[in-house]
Amino acid sequence: MQAAKPLFDYPKYWAECFGPAPFLPMSREEMDQLGWDSCDIIIVTGDAYVDHPSFGMAIIGRLLEAQGFRVGIIAQPDWRSKDDFMKLGEPNLFFGVAAGNMDSMINRYTADKKIRSDDAYTPGGLAGKRPDRASLVYSQRCKEAYSHVPVVLGGIEASLRRIAHYDYWQDKVRRSILMDATADILLYGNAERAVVEIAQRLSRGEKVEAITDVRGTAFIRRDTPEGWFEVDSTRIDRPGRVDKIINPYVNTQDMEACAIEQAKGSVEDPNEAKVVQILESPRMTRDKTVIRLPSFEKVRNDPVLYAHANRVLHLETNPGNARALVQKHGEVDVWFNPPPIPMTTEEMDYVFGMPYARVPHPAYGKEKIPAYEMIRFSVNIMRGCFGGCTFCSITEHEGRIIQNRSHESIIREIEEMRDKVPGFTGVVSDLGGPTANMYRIACKDPEIEKHCRKPSCVFPGICENLNTDHSSLIELYRKARALPGVKKILIASGLRYDLAVESPEYVKELVTHHVGGYLKIAPEHTERGPLDKMMKPGIGSYDRFKQMFEKYSKEAGKEQYLIPYFIAAHPGTTDEDMMNLALWLKRNGFRADQVQAFYPSPMATATAMYHSGKNPLRKVTYKSDGVEIVKSEQQRRLHKAFLRYHDPKGWPLLREALERMGRSDLIGNGKHHLIPTYQPQTDEYQSARRKNSTPAGSKKVGKILTQHNGLPPRASDGAKPWDKREQAKAAAFAKLQEQKKGAGKGASGKKKPRPVAPR
């Protein structure tokens with residue numbers, strides 16, 4: 001992979017003399033206290049400003065500050081006018097705009113397109129503090145405020161909407177957000193390298209329009225520049241025109257000279273020795289090759305072409321071999337440079353070692369910011385994910401190559417958190433990242449990694465070239481546990497269990513020391529059809545991990561449980577698949593209270609399946625096999641009802657579906673049935689979440705342990721098993737049915753009242 005200039009090797013901007021600020025200023029008063037007459041860069045964000053390395057505005061702001069720039073923050077501005085965008089004055093270099101840590105549409109709407117009642121990234125959890133498609137709106141307001149100031153668009157929303165993308169909320173393909181936002185340049189993926197280089201070049205007086213060679217950026221241009229070879233991939237499965245192979249031993253200049261000499265009448269001696277010159281074909285140079293995708297207008301009107309474009313996009317995501325992409329929008333092209341080069345461990349340490357305050361800005365007073373409260377005592381040890389799950393956006397945004405911090409940097413952050421963050425009790429809530437156990441796991445050979453184009457390193461099985469050694473992570477856990485003042489290290493990040501089983505020593509270490517009673521993992525499904533579309537391992541890997549988990553829990557003398565997460569209505573899922581999943585859940589004693597329905601996020605592979613009915617993981621043609629898609633509200637409700645088979649509210653829907661599927665044998669009051677024949681009164685059912693949660697203000701703290709997963713309380717809490725309650729209820733109902741049979745009709749000839757299921 002090509003070398004990149006280290007982040008810490010740039011010359012500092014002149015404003016370095018001001019030094020780091022306690023907090024990046026959010027007002028003119030704060031700027032005056034710092035002695036600033038203006039900001040060099042202003043970051044506009046849809047999240048509340050938390051000076052913590054888990055928040056994008058803090059990382060980018062502190063990194064630019066370390067380069068010597070004066071950076072201001074405008075957090076959650078009133079977007080209804082330009083006034084809030086002018087409160088820090090005009091930035092000397094550019095506005096940096098981001099919607100926040102989440103896509104603003106996913107942040108505001110549920111998978112069923114209902115408006116959420118809260119926003120975890122806002123003080124007090126209040127909803128409505130940011131507009132829909134916030135990146136787009138903020139960029140436009142910045143241009144209204146100061147039309148001549150460059151706008152640099154970034155963050156996950158811009159990253160996932162950089163290309164023509166399917167928009168779930170409007171049910172249509174929208175053009176690149178760069179076109180609608182009127183921004184000057186877009187940064188996608190991990191933007192540290194790109195934002196530092198752009199800031200440095202703008203500070204030297206370079207025009208933003210001239211910055212077209214930075215990796216991880218997208219911008220608008222009118223034609224392909226001279227010297228580039230364009231591969232036409234605008235049609236289905238047509239990689240482009242195949243040119244005749246050039247003979248590298250032929251010197252074309254000599255041939256032309258020979259022709260001229262022959263025309264003059266001179267003749268060469270055929271026996272004369274000549275030097276053979278091997279010429280390089282410009283078409284073989286990847287850094288001068290661009291792939292032309294189908295235009296926005298074509299993918300908007302042709303879902304199969306959309307799937308084809310999505311497939312090409314995902315094949316060009318490895319920084320080691322990715323080529324530039326271009327997509328026409330009307331009369332102009334949106335150009336996408338190859339992804340950024342991953343950061344080295346030294347650079348990761350540099351970024352996470354900035355002087356973060358690790359708390360929200362004082363302007364918020366005592367108001368709590370839920371997202372901060374969640375990660376307040378957690379430490380991010382790595383970035384990226386090579387799992388490639390088709391429904392997830394981590395790979396599209398952070399890349400599949402793992403970027404790791406050093407042990408020393410991580411330990412230093414834990415010590416800083418212990419000493420500085422108010423309320424620390426000695427418990428580190430998480431030591432992880434996008435996944436808990438990909439730390440320092442990579443390809444065995446950098447050359448193989450550089451040339452690999454596989455979308456996943458662990459599907460359909462773990463790649464033979466993947467080093468699955470967990471020893472560095474085990475060592476890190478032990479170092480962290482040994483720190484004075486640290487009582488417990490928990491692992492709350494999702495665990496990749498198919499990797500974990502490759503290291504029994506890691507599973508033992510994890511289960512013995514780092515599980516707080518429950519451990520989250522995500523099999524997502526049990527059936528091969530949807531699992532293949534997700535690029536997830538079979539349920540057999542889960543069973544292997546479960547055996548290890550239970551074995552080591554028993555050896556440690558601990559009562560601990562796995563919390564498996566599943567997805568309803570994912571592309572490739574049939575009603576029968578969901579029925580089989582429900583049977584598996586009941587057989588294994590799981591009662592999920594909160595279920596996750598498939599959410600088509602922009603640019604994800606599964607979203608392309610949802611929109612097109614085709615599978616971009618394979619060759620896409622108009623005649624290629626289709627993918628089972630769950631789109632109707634009725635079917636989505638049914639799939640969620642299967643996941644919550646224990647909820648009486650879904651029983652009528654399930655009975656109707658099971659009868660239609662010819663599986664009436666699953667309806668009955670026995671232990672082997674999926675759902676009962678009786679229907680309780682409306683007020684009889686209380687959700688598993690309420691049953692298992694400690695009521696607000698309750699003095700029985702610690703009595704009931706499960707709050708969000710729907711699992712039964714542990715036996716040690718004195719709780720009665722769920723199945724005994726169900727058996728008693730079914731037996732009482734059967735007794736009533738027998739009484740009804742014998743009684744028949746009353747003397748009046750009218751039917752007796754129908755018995756009601758006992759409480």
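We use all heavy atoms of the structure for the numbers below, so side chains are in, but hydrogens, waters and symmetry mates are not. None of these values were measured; they are calculated from a predicted model.
- A salt bridge links Glu197 to Arg201: one of the charged nitrogens lies within less than 4.0 Å of a carboxylate oxygen.
- Using a 4.5 Å heavy-atom cutoff, the side chains of Arg292 and Lys328 are in contact.
- Contact record, Ile629 with Gly613: CG1-CA, 4.1 Å, taken as the closest heavy-atom pair.
- Within the model, atoms CG of Asn101 and CD1 of Ile375 stand 9.0 Å from one another, a figure rounded to the nearest 0.5 Å.
- Between Arg130 and Asp119 there is a salt bridge, with a side-chain nitrogen of the basic residue lying less than 4.0 Å from a carboxylate oxygen of the acidic one.
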Worksheet item: Val379 and Asp430: side-chain contact (heavy atoms from CB on, under 4.5 Å), yes or no, with the steps?
Response: CA-CA 6 Å; Val379 176; Asp430 188 27; over 6 Å; no
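- A donor-acceptor pair shorter than 3.5 Å cannot be found between the side chains of Ser176 and His165.
- Aromatic pair Tyr356/His52: centroids not less than 6.0 angstrom apart.
- In this pair, Tyr610 and Tyr166 present their aromatic rings tilted. The plane angle is within the 30 to 60° band.
- In this structure, the side chain of Thr607 engages the main chain of Ser601 through a donor-acceptor pair within 3.5 Å.
- Between Phe377 and Phe424, the ring centre distance stays below 6.0 Å.
- Taking 4.0 Å as the cut-off between side-chain N and carboxylate O, Glu316 and Arg323 count as a salt-bridged pair.
- There is no side-chain donor-acceptor pair under 3.5 Å between Asp213 and Asn337.
- With no hydrogens or angles considered, a side-chain donor-acceptor pair links His361 and Glu30 at under 3.5 Å.
- Side-chain atoms of Lys129 never come within 3.5 Å of backbone atoms of Pro123 as a donor-acceptor pair (strictly under, hydrogens ignored).
- A distance-only check finds a donor-acceptor pair linking the side chain of Ser493 to the backbone of Gly433 [under 3.5 Å].
- Taken to the nearest 0.5 Å, the SG atom of Cys385 stands 10.5 Å off from the CD atom of Glu396.
- Distance CD1/Ile177 to CG/Leu160: 10.0 Å, rounded to 0.5 Å.
- Between Lys82 and Glu144 no salt bridge is recorded (no basic side-chain N to carboxylate O distance below 4.0 Å).
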Practice prompt. In sequence, state the C-alpha distance, the side-chain angles, and the governing distance for Arg80 and Asp78, and then conclude on salt bridge (charged side-chain N to carboxylate O under 4.0 Å, His left out).
Written response: CA-CA 6 Å; Arg80 296 170 186 86; Asp78 181 354; 3.1 Å; yes
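- Under a 3.5 Å cut-off, the side chain of Tyr350 and the backbone N or O of Leu63 do not form any donor-acceptor pair.
- Proximity of a side-chain donor or acceptor of Arg311 to a complementary backbone N or O of Tyr306 within less than 3.5 Å is not detected.
- Side-chain atoms of Pro53 and Glu413, non-hydrogen and from C-beta on, do get closer than 4.5 Å to each other.
- In this structure, the side chains of Val359 and Phe23 come closer than 4.5 Å at one or more pairs of heavy atoms.
- The distance from atom CD of Glu65 to atom CG of Asp40, rounded to the nearest 0.5 Å, is 11.0 Å.
- Under a 3.5 Å cut-off, the side chain of Ser159 and the backbone N or O of Gly189 do form a donor-acceptor pair.
- Using a 4.5 Å cut-off on side-chain heavy atoms (C-beta onward), Arg222 and Glu331 make contact.
- Of the charged side-chain nitrogens involved, at least one lies within less than 4.0 Å of a carboxylate oxygen, so that Arg376 and Glu373 count as a salt-bridged pair.
- In this structure a side-chain-to-backbone donor-acceptor pair under 3.5 Å is missing from Asn92 to Ile41.
- Under the 3.5 Å distance criterion, the side-chain polar atoms of Arg405 are matched with a main-chain donor or acceptor of Ser409.
- Using a 4.5 Å cut-off on side-chain heavy atoms (C-beta onward), Val299 and Gln327 make contact.
- To the nearest 0.5 Å, atoms CZ (Arg28) and CG (Asp37) are separated by 8.0 Å.
- Using modelled atom types, one finds a donor on one side chain and an acceptor on the other under 3.5 Å when comparing Asp51 with Tyr49.
- With contacts defined as side-chain heavy-atom distances shorter than 4.5 Å, the pair Val428/Ser378 does not qualify.
- Phe336 is listed as a side-chain neighbour of Val334, based on a closest heavy-atom distance under 4.5 Å.
- Of the possible polar contacts, one joining the Arg215 side chain to the Pro339 backbone as a donor-acceptor pair under 3.5 Å is found.
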Worksheet item: Can you list the steps and then say if Asp132 with Arg108 is a salt bridge (charged side-chain N to carboxylate O under 4.0 Å, His left out)?
Response: CA-CA 8 Å; Asp132 289 355; Arg108 190 179 184 202; 3.0 Å; yes
Worksheet item: Can you check side-chain contact (heavy atoms from CB on, under 4.5 Å) on Cys142 and Val149, steps first, answer last?
Response: CA-CA 8 Å; Cys142 288; Val149 174; over 6 Å; no
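- The shortest side-chain heavy-atom distance between Leu202 and Val208 falls under the 4.5 Å cut-off.
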Worksheet item: Can you check side-chain hydrogen bond (donor to acceptor under 3.5 Å, both in side chains) on Glu90 and Ser38, steps first, answer last?
Response: CA-CA 7 Å; Glu90 179 181 332; Ser38 61; over 6 Å; no
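- Within the 3.5 Å criterion, the main-chain N or O of Pro616 finds no donor-acceptor partner in the side chain of Asn310.
- The side-chain hydrogen bond (donor to acceptor under 3.5 Å, both in side chains) test applied to Arg637 returns Gln634, not counting sequence neighbours.
- Partners of Thr224 by side-chain hydrogen bond (donor to acceptor under 3.5 Å, both in side chains), not counting sequence neighbours, listed by chain and number: Glu230.
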Worksheet entry | Residue pair Asp184, Lys143: steps toward the salt bridge (charged side-chain N to carboxylate O under 4.0 Å, His left out) verdict | CA-CA 10 Å; Asp184 295 278; Lys143 282 295 184 183; 2.9 Å; yes
Fill in: Intermediate values then yes/no, salt bridge (charged side-chain N to carboxylate O under 4.0 Å, His left out), Asp167 and Lys172
CA-CA 6 Å; Asp167 187 89; Lys172 72 174 189 180; over 6 Å; no
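- Seen from the ring of Trp79, Arg141 does not count as a face-on cation partner, given the 6.0 Å and 45° thresholds.
- Checked by atom type, the side-chain pair Ser104/Glu157 shows a donor-acceptor distance below 3.5 Å.
- Using cut-offs of 30° and 60° on the angle between ring planes, the pair Phe85 and Tyr138 is tilted.
- With salt bridges taken as basic N to acidic carboxylate O contacts below 4.0 Å, none links Arg133 and Asp103.
- Not counting sequence neighbours, His639 has no partner by the ring pair (Phe, Tyr, Trp, His ring centres under 6.0 Å) test.
- If you take CG on Leu88 and CD1 on Ile43, they are separated by 11.0 Å, rounding to the nearest 0.5 Å.
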